[in-house]
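Down below is the structure, laid out as structure tokens.
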Protein chains: 2
Amino acid sequence: MTDTTLRAGERALDLGPAGDAALRFIGTIHTPWPDRDACPRQGQLDGPECRIRLDPEWRPALAGLDAYASIEVLYWLGLARRDLLTQSPKRDGQVFGTFALRSPVRPNPIGTSMVKLLRIEGADLIVRGLDCVDGTPLIDLKPDRCLFTPKAPPKPGDI
Amino acid sequence: MTDTTLRAGERALDLGPAGDAALRFIGTIHTPWPDRDACPRQGQLDGPECRIRLDPEWRPALAGLDAYASIEVLYWLGLARRDLLTQSPKRDGQVFGTFALRSPVRPNPIGTSMVKLLRIEGADLIVRGLDCVDGTPLIDLKPDRCLFTPKAPPKPGDI
């Protein structure tokens, strides 16, 4: 059960269940951090190796990803509450808007990291730069937008 | 109804409905592009101004975001099919794995962009750098990870 207490200065919305769109988990992320207190606040590109275990049926979708040294990873921070408008990360009464933080506590608790892709072993990706709990569900993998050149010709909006 | 035809070399999975986690849309993105064919393939920081209309109840969660010149935007590309393992973006028979592309066609069609935050007007954010269709649902706003310094002290995993 998610904690629903509020610290000084924090504000929450009274929300019903979310239901505008549904996600499908496509794998599991293995990291050295067993719980949220142990995680780094932000991933570091020289941090420990982590293993992204893509569900095997998605393995053909990796074709070509090994060309990228840096990839974007999206994952589901399902342990976090989703109703806070303002938060006090230091628990000292100083509050910030949820959108001014990269805290897992947000209306849609999706983590995004740019990670260093070390190698691909079957359907597993070995990376550095993650910050999430061991067992975090995987949502998506994309090439780093800074390295990626679209494979198809420009469209009218590109001009 | 989403198109389910396959072009040469494309592969799809036979998937049931997604249901591992649920999203709540928190606003709507207004852009100059009425449909997918009109959108740029990638947002450009000198592209046209776009307006992110945050739902008003979330406005307090913007507190402090105006300190960032660059923010990350997550949005739902709900027009895209979700079952393709490999895709041919040029429609020329040359195929790539879905995860080696930044195409909207992916198991969880979430777009992520780093945009330039020009100004905040009430619950609206005026930005440059988006690439999505007018009316796209908003999922999240975060400070640019490269500019953001965590507001709370390091945790064990940071050391």
Side-chain angles (χ1 to χ4, degrees), chain A residues 11 13 15 17-26 33 37-42 57-58 60-65 67-68 72 74 76 78 82 85-86 89-90 96-102 106-108 110 112 114 131 137 139-143 145 148 150-158, chain B residues 11 13 15 17-26 33 37-42 57-58 60-65 67-68 72 74 76 78 82 85-86 89-90 96-102 106-108 110 112 114 131 137 139-143 145 148 150-158:
Chain A
R11 294 175 59 185
L13 279 177
L15 296 169
D20 292 315
L23 298 180
R24 179 191 315 281
F25 297 156
I26 58 170
W33 307 296
D37 285 342
C39 292
R41 291 212 187 270
Q42 289 208 100
E57 68 268 28
W58 288 101
L62 292 175
L65 185 61
Y68 297 93
E72 188 174 3
L74 275 66
W76 184 248
R82 302 174 64 170
L85 290 166
T86 59
K90 283 192 200 170
F96 299 86
T98 288
F99 300 132
L101 297 170
R102 293 187 63 91
R106 46 206 323 112
N108 294 296
I110 295 170
T112 69
M114 287 291 181
D131 57 8
I139 299 175
D140 201 5
L141 302 166
K142 306 179 198 266
R145 67 173 70 75
F148 181 70
K151 304 296 185 195
K155 295 197 291 176
D158 285 305
Chain B
R11 293 176 60 186
L13 280 175
L15 297 169
D20 292 315
L23 298 180
R24 179 191 315 281
F25 298 156
I26 58 170
W33 306 296
D37 284 342
C39 291
R41 291 214 185 269
Q42 288 208 100
E57 68 269 27
W58 288 101
L62 292 175
L65 185 62
Y68 298 93
E72 189 174 3
L74 275 65
W76 184 249
R82 303 173 63 170
L85 290 165
T86 58
K90 283 193 203 171
F96 299 87
T98 288
F99 300 132
L101 297 170
R102 294 187 63 90
R106 45 206 324 114
N108 293 295
I110 296 170
T112 69
M114 288 290 182
D131 57 8
I139 299 175
D140 201 6
L141 302 166
K142 307 179 196 264
R145 68 173 68 77
F148 182 70
K151 304 296 185 194
K155 294 196 293 177
D158 286 305

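Below, read A as the first sequence line, B as the second, and so on, with proteins coming before strands; counting in each chain starts at 1.
Using a distance-only test at 3.5 Å, with no hydrogens or angles considered, a donor-acceptor pair links the side chain of Arg106(B) to the main chain of Leu141(A).
With contacts defined as side-chain heavy-atom distances shorter than 4.5 Å, the pair Trp58(B)/Thr98(A) does not qualify.
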Phe25(B) vs Asn108(A), side chain to side chain contact (heavy atoms under 4.5 Å, CB included): CA-CA, chis, key distance, verdict: CA-CA 8 Å; Phe25(B) 298 156; Asn108(A) 294 296; over 6 Å; no

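For the set Tyr68(A), Trp33(A), Trp76(A), the entry with the most heavy-atom pairs within less than 4.5 Å of chain B is Trp76(A). Taking Arg11(B), Gln42(B), Met114(B) one by one and counting their heavy-atom pairs under 4.5 Å with chain A, the maximum is reached by Gln42(B). Counting heavy-atom pairs closer than 4.5 Å to chain B, the top-ranked of the candidates Leu85(A), Leu13(A), Leu65(A) is Leu85(A). Between chain A and the options Ala63(B), Ala21(B), Gly64(B), heavy-atom pairs under 4.5 Å are most frequent for Ala21(B). Comparing Glu57(B), Lys90(B), Arg102(B) by heavy-atom pairs within less than 4.5 Å of chain A, the highest count is held by Arg102(B). Options Ala100(B), Ala61(B), Gly97(B) differ in how many heavy-atom pairs under 4.5 Å they form with chain A, and the most are formed by Ala61(B). Heavy-atom pairs under 4.5 Å with chain B peak, among Ile26(A), Thr112(A), Ile110(A), at Thr112(A).
Only the side chain of Leu74(B) comes within less than 4.5 Å of a heavy atom of chain A; its backbone N, CA, C and O stay farther away. When heavy atoms are compared at a cutoff of 4.5 Å, Pro17(A) approaches chain B solely by way of its backbone atoms N, CA, C and O.
We find that Lys155(B) and Asp37(A) are not joined by a salt bridge, their nearest charged nitrogen and carboxylate oxygen being 4.0 Å or further apart.
Closest approach of Ala22(A) and Arg82(B) over heavy atoms only: O-NH2, 2.8 Å.
Residues satisfying the salt bridge (charged side-chain N to carboxylate O under 4.0 Å, His left out) criterion with Arg24(B), sequence neighbours excluded, are absent altogether.
A distance of 9.5 Å separates CG of Asp131(B) from CZ of Arg145(A), quoted to the nearest 0.5 Å.
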